[in-house]
Amino acid sequence: MRIDVVSIFPEYLDALGLSLIGKARQDGLLELNVRNLRDFTTDRHRTVDDTPYGGGAGMVMKPEPWALALESVLAGAGHSPATAEATETAAEVPEHDGAGRPVLIVPSPAGEVFTQSMAHELAGEEHLVFACGRYEGIDERVMEWAAGSFRVRPVSLGDYVLNGGEVAVLAMVEAIGRLIPGVVGNPESLVEESHSDGLLEYPVYTKPSVWRGRQVPDVLLSGNHARIARFRRDEQLRRTAERRPDLIEALANQLDSADRAALADPATAEHTAAGPAPAEPGEASEARS
Ligand code: JB8
């Protein structure tokens with residue numbers, strides 16, 4: 001996959017050289033280029049913003065540097081840049097769904113919400129381009145113009161407001177990049193995680209089996225794989241009902257009778273509820289209070 005990012009703060013994206021995504025780039029699974037929007041300005045002050053027509057607080061990103069930057073991305077990827085004619089043609093041919101054109105993702109609090117399902121969808125694309133806005137956003141005509149060469153998608157991370165698109169791009173590139181085949185070493189890691197089955201993850205524990213008076217649930221030490229699987233499923237259901245009732249609602253008709261029993265049984269919640277285990281002999285109780 002190829003990913004291009006355009007930003008006035010390209011250093012924000014330096015973190016994509018680290019860890020799993022950095023390794024994917026080294027391994028040639030992901031080609032990632034970051035461009036500085038200011039390199040596409042033509043004035044002495046490298047101006048990227050101006051005052052909003054209609055008035056209002058803040059500044060708006062000027063359209064021309066964006067057009068030049070996105071044309072440079074297209075040229076670098078061997079695509080032809082947008083022309084007025086190409087824009088019209090794309091609009092006039094309804095059966096052309098745009099497959100083959102790169103996807104232009106524009107982080108915006110006014111976008112559709114980014115989800116794991118969208119991450120899977122985007123992980124199957126050949127070429128993604130991210131346009132990081134700042135200030136009050138990008139002149140709307142850029143998105144209209146870009147629709148001639150890209151499949152344009154305004155996308156929001158969630159219902160809160162960042163100062164610009166860069167942090168949203170870090171999150172999206174990480175979520176998408178790890179779904180590219182070969183990026184996560186053990187693909188089984190992708191199977192059991194939160195949201196892959198519509199439920200939150202079960203809790204995890206490691207050694208020691210007793211830590212500061214807290215015991216790992218006995219069932220996990222039992223070696224009984226069926227009971228362990230049931231315990232984990234019940235914990236997923238309990239947590240999801242507690243923290244994300246909206247997800248339980250969405251799954252309602254996919255739950256079997258054992259799932260329903262776990263959700264209905266307050267004892268399930270009771271015996272697994274988080275809380276301190278009885279203090280071990282010799283543990284100074286005042287040390288915690
Ligand atoms: C200016 O909250 B956000 C977000 C906020 C922004 C811009 C882009 C995204 C541009 N403010 O996802």
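What you see is a predicted model, and the numbers here were worked out from it, not measured in a lab. Atoms within a ligand are numbered from 1 in the order they appear, just like the ligands themselves.
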Tell me which donor-acceptor pairs under 3.5 Å the side chains of residues 6-21 have, and how far apart each pair is, sequence neighbours excluded?
unit_1, atom_1, unit_2, atom_2, d
Ser7, OG, Phe9, N, 2.7
Ser7, OG, Phe9, O, 3.4
Ser7, OG, Glu166, OE2, 2.6

With distance as the sole test, does Thr240 use its side chain to make a donor-acceptor pair with the main-chain N or O of Ile248 at under 3.5 Å?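 Looks like no, no N/O pair under 3.5 Å.
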
Please round to the nearest 0.5 Å and tell me the distance separating atom CD of Glu201 and atom CD of Glu235.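 Those atoms lie 13.0 Å apart.
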
Heavy-atom contacts with ligand 1 below 4.0 Å: which residues, ordered by chain and residue number?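 Only Pro107, Ser108, Pro109, Gly133, Arg134, Tyr135, Tyr160, Val161, Leu162, Asn163, Gly164, Gly165 have heavy atoms that fall under 4.0 Å of ligand 1, ordered by chain and number.
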
Partner set under side chain to side chain contact (heavy atoms under 4.5 Å, CB included) for Ala250, not counting sequence neighbours: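 For Ala250, no residue satisfies side chain to side chain contact (heavy atoms under 4.5 Å, CB included) once neighbours in sequence are set aside.
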
Glu126: partners by side chain to side chain contact (heavy atoms under 4.5 Å, CB included), with sequence neighbours left out: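 Once residues adjacent in sequence are excluded, Glu126 has no partner under the side chain to side chain contact (heavy atoms under 4.5 Å, CB included) criterion.
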
Kindly give the heavy-atom pair with the smallest separation between His195 and Leu200, and that separation in Å.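 Taking His195 first and Leu200 second, the nearest heavy atoms are CE1-CD2, 4.2 Å.
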
